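To keep things clear, I will list the structure first and then write my remarks on it.
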Amino acid sequence: MTIRLYNTLTRAKDVFTPIDPTNVRMYVCGPTVYDFAHIGNARPAIVFDVLFRLLRYSYGPDHVTYVRNITDIDDKINARAAERAAKDGRNVPILQVLREITEATYGVYREDVTALNCLQPTYMPRATEHVTQMIAMTQNLIVAGYAYAAEGHVLFRVKKKADYGKLARRSLDDMLAGARIDVAPYKEDPMDFVLWKPSTPDQPGWDSPWGYGRPGWHLECSAMIEATMGETIDIHGGGIDLVFPHHENEIAQSEGAHHGHPLANVWMHNGFLNVEGEKMSKSLGNFVTINELLKDWPGEVLRFNMLRTHYRQPMDWTVAGMSESWKTLEKWYGVTEPLANPKVGAAFLEALSDDLNTPAAIAELHKAGDDDLAGGLGLLGFSNVQLNLAAKKQVDEAAIATAIEARKAARARKDFKESDRIRDDLLAQGIVLKDGPAGTTWEIKR
RNA sequence: GGCCACGUGGCGGAGUGGUGACGCAGCGGACUGCAAAUCCGUGAACCCCGGUUCAAUUCCGGGCGUGGCCUCCA
């Protein structure tokens with residue numbers, strides 16, 4: 001099956017041809033671990049997990065390397081670390097405080113994505129563990145003339161990179177025209193960006209040839225890709241907001257350090273997500289964390305809801321949509337359980353291979369027979385586990401079974417008043433009865 | 001201000017130069033003691049104005065609207 005992927009670099013859907021089919025390499029920008037992940041963060045996690053699964057299906061599970069990094073060097077994290085250090089009054093190194101914070105936040109993130117049925121990436125490198133590589137790359141860039149040191153900073157010399165702006169399709173002139181930034185005096189050019197910057201003694205930092213400091217944000221991805229997968233990889237993914245400057249700068253750094261060899265052949269970007277028609281923001285009070293959501297909704301419902309919209313399309317997250325998703329999954333799980341002879345249907349696979357067209361793939365599942373349905377759900381990362389299994393554990397199953405038996409007896413003697421009373425009684429407890437040809441089953445009311 | 005997306009039936013959401021996906025809701029029917037669940041059937045759309053074309057929702061231009069980036073951001 002030919003896989004076609006939309007490439008931000010070419011602005012076209014291109015046929016995907018891996019550099020090495022026995023080792024397909026993909027990197028996705030992961031979370032900055034300063035706070036709980038929100039619903040928007042779930043989108044790339046889920047979308048690229050589906051791509052990971054498709055690639056594993058196509059090239060073999062052992063022939064795909066998926067790297068999703070952990071950004072644990074960041075000014076917001078630094079601020080929290082400083083806050084906590086001051087509050088605790090403990091005399092511990094600031095890097096240790098930072099690690100405690102990011103470890104806790106990342107732990108929650110891992111639980112979140114596991115609940116969303118995302119496979120674990122092959123590697124999950126942390127920025128703090130690759131500072132040596134970042135320093136080495138910076139030195140290479142200086143030697144090659146792509147970077148210069150000034151006042152404790154190291155800056156990337158944007159003018160030296162003739163094709164700078166090729167991903168975002170912007171010229172330096174365009175960017176300068178719209179620039180609203182204060183230009184630091186030590187910059188040769190206003191668009192030059194930071195590779196290394198100084199830290200004060202109380203801030204997280206590392207010793208370097210340019211003094212005690214820390215790397216700029218973009219550098220970590222370049223260094224960690226090099227460390228885990230080499231100079232050129234097949235696919236680099238992330239949110240569309242990362243196109244500029246983050247990914248543009250990654251390209252500049254990596255190509256500068258690697259004699260112009262491309263960083264990634266295909267650049268993929270997922271669209272943004274709104275909540276109930278509004279931009280998600282803390283001030284609007286509609287900031288939804290994954291963790292919070294998982295208290296009310298099974299992770300698979302969240303996952304399915306996300307895949308009902310094509311990944312490049314802007315999407316609106318709504319409670320109504322979640323309910324619809326739950327309903328569909330419940331129906332499907334009813335027919336695919338037990339999962340008998342799953343197989344992946346041709347039409348389904350074709351839709352999925354067409355730039356991850358999950359809405360079209362899901363439409364095929366609506367038309368498919370049970371085996372194709374089960375196989376398609378499996379490939380999309382649905383486990384065919386009863387959705388309200390967890391909820392069921394919290395109710396008295398024996399009592400419900402007894403009530404169902406009593407109702408059955410009442411119905412047998414045509415005492416419908418009594419049988420309806422039992423049904424209403426259970427409903428009041430949140431239990432919905434379903435009479436089928438094979439008898440009565442029940443589920444938790446939504 | 002510069003760059004870039006998007007605008008499809010009541011709702012969600014694919015796609016296509018001509019035969020109008022798919023799901024939810026609605027409506028009709030089957031099933032049921034009655035419901036629910038399930039099954040069968042069914043109506044309904046392509047932001048506005050021009051242009052190209054035998055033919056445009058689909059291509060081109062303009063407008064309006066929404067959103068993103070240009071500064072931390074999935």
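Naming convention: chains lettered A, B, ... in sequence-line order (proteins, then strands); numbering from 1 in each chain. Only heavy atoms go into these numbers, but all of them, side chains included; no hydrogens, no water, no symmetry mates. Treat the numbers as computed from the prediction; the structure is a model and nothing was measured.
As rounded to whole Å, 16 Å separates atom P of B/rU71 from atom CG of A/Asp75. Here the C1' atom of nucleotide B/rA74 and the CD atom of A/Glu250 are 14 Å apart, to the nearest Å. Distance, A/Leu167 CG to B/rC70 C1': 14 Å, rounded to whole Å. Between A/Arg170 atom CZ and B/rG68 atom C1' the separation is 10 Å, expressed in whole Å. Rounded to an integer number of Å, the gap from A/Asn305 CG to B/rG23 C1' is 13 Å. Atom CZ in A/Arg43 sits about 12 Å away from atom C1' in B/rG68, given to the nearest Å. In this structure, A/Lys279 places its NZ atom 10 Å from C1' of B/rC69, rounding to the nearest Å. Rounded to whole Å, the distance from CG on A/Asp354 to C1' on B/rU16 is 13 Å.
Within 4.0 Å of A/Leu273, counting heavy atoms only, lies at least one base atom of the nucleic acid. Nucleic acid contact class of A/Gly40 (heavy atoms, under 4.0 Å, all strands): base. Nucleic acid contact class of A/Lys367 (heavy atoms, under 4.0 Å, all strands): sugar-phosphate only. Using a 4.0 Å heavy-atom distance criterion, A/Phe244 is classed as a sugar-phosphate-only contact.
Side-chain atoms of A/Arg411 and A/Ser419 form no donor-acceptor pair, as typed in the model, at a separation below 3.5 Å. Of the N and O atoms on the side chains of A/Tyr109 and A/Asn291, not one donor lies less than 3.5 Å from an acceptor on the other residue. Counting only N and O atoms by type, the side chains of A/Glu226 and A/Ser254 include no donor and acceptor under 3.5 Å apart.
Comparing B/rC64 with B/rU52, their C1' atoms are spaced 23 Å from each other, to the whole Å. B/rA37 and B/rU58 have their C1' atoms separated by 40 Å, with the value rounded to a whole Å. Separating the P atom of B/rG7 from that of B/rC46 is a span of 14 Å, rounded to the nearest Å. B/rU57 sits 9 Å from B/rU16 when the C1' atoms are compared, rounded to a whole Å. Taking atom P on both B/rU42 and B/rC49, the two are 33 Å apart, rounded to the nearest angstrom. The gap from the P atom of B/rC4 to that of B/rG17 amounts to 24 Å, rounded to the nearest Å. Of the C1' atoms belonging to B/rG68 and B/rG9, the separation is 28 Å, rounded to the nearest Å. Rounded to whole Å, the separation between the C1' atoms of B/rG18 and B/rC6 comes to 26 Å.
Relative ring orientation between A/His236 and A/Tyr27 is described as tilted, the plane-to-plane angle lying within the 30° to 60° band.
Remark: A/His218 pairs with A/Phe193, A/His246 by the ring-ring contact (aromatic ring centres under 6.0 Å, His included) rule, at least two apart or across chains. With sequence neighbours excluded, the residues forming a salt bridge (Lys or Arg N to Asp or Glu O under 4.0 Å) with A/Lys367 are A/Glu364, listed by chain and number. Residues forming a ring-ring contact (aromatic ring centres under 6.0 Å, His included) with A/Tyr186 (at least two apart in sequence, or on another chain): A/His153.
Atom NE2 of residue A/His130 and atom OG of residue A/Ser222 lie 13.0 Å apart, to the nearest 0.5 angstrom. Taken from CG in A/Leu55 to CZ in A/Arg25, the straight-line distance is 12.5 Å, to the nearest 0.5 Å.
A cation-pi arrangement is not found for A/Arg308 relative to A/Phe304, the charged atom failing to lie both closer than 6.0 Å to the ring centre and inside a 45° cone about the ring normal. Cation-pi geometry between A/Arg68 and A/Phe48 is not met: the NZ or CZ atom fails to fall both under 6.0 Å from the ring centre and inside 45° of the normal.
Taking only side-chain atoms of A/His366, from C-beta outward, the nucleotide of B/rA74, B/rG23, B/rC3 with the closest atom is B/rG23.
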Using a 4.0 Å cut-off on protein heavy atoms (strictly under), produce a 5'-to-3' string for nucleotides 5-14 of chain B with B for base contact, S for backbone-only sugar-phosphate contact, and - for none. -S-----SSS
Heavy atoms under 4.0 Å is the rule here; annotate nucleotides 31-40 of chain B 5' to 3' with B where the base is hit, S where only the sugar-phosphate is, and - elsewhere. --BBBBSSS-
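Remark: A/Arg413 engages A/Asp415 in a salt bridge, criterion side-chain N to carboxylate O under 4.0 Å.
With a cut-off of 3.5 Å on both pairing distances, the Watson-Crick and G-U wobble pairs of RNA chain B assemble into stems of 3 or more at B:1-7 with B:64-70, B:10-12 with B:22-24, B:26-30 with B:38-42, B:47-51 with B:59-63.
Mapping A/Pro44 and A/Thr328 onto RNA chain B by nearest heavy atom places A/Thr328 closer to the 5' end of the strand.
The side-chain ring of A/Phe272 is stacked on the base of B/rA74, judged by centre separation under 5.5 angstrom and plane angle under 30 degrees.
Distance alone, capped at 3.5 Å, places no donor-acceptor pair between the A/Lys13 side chain and the A/Arg4 backbone.
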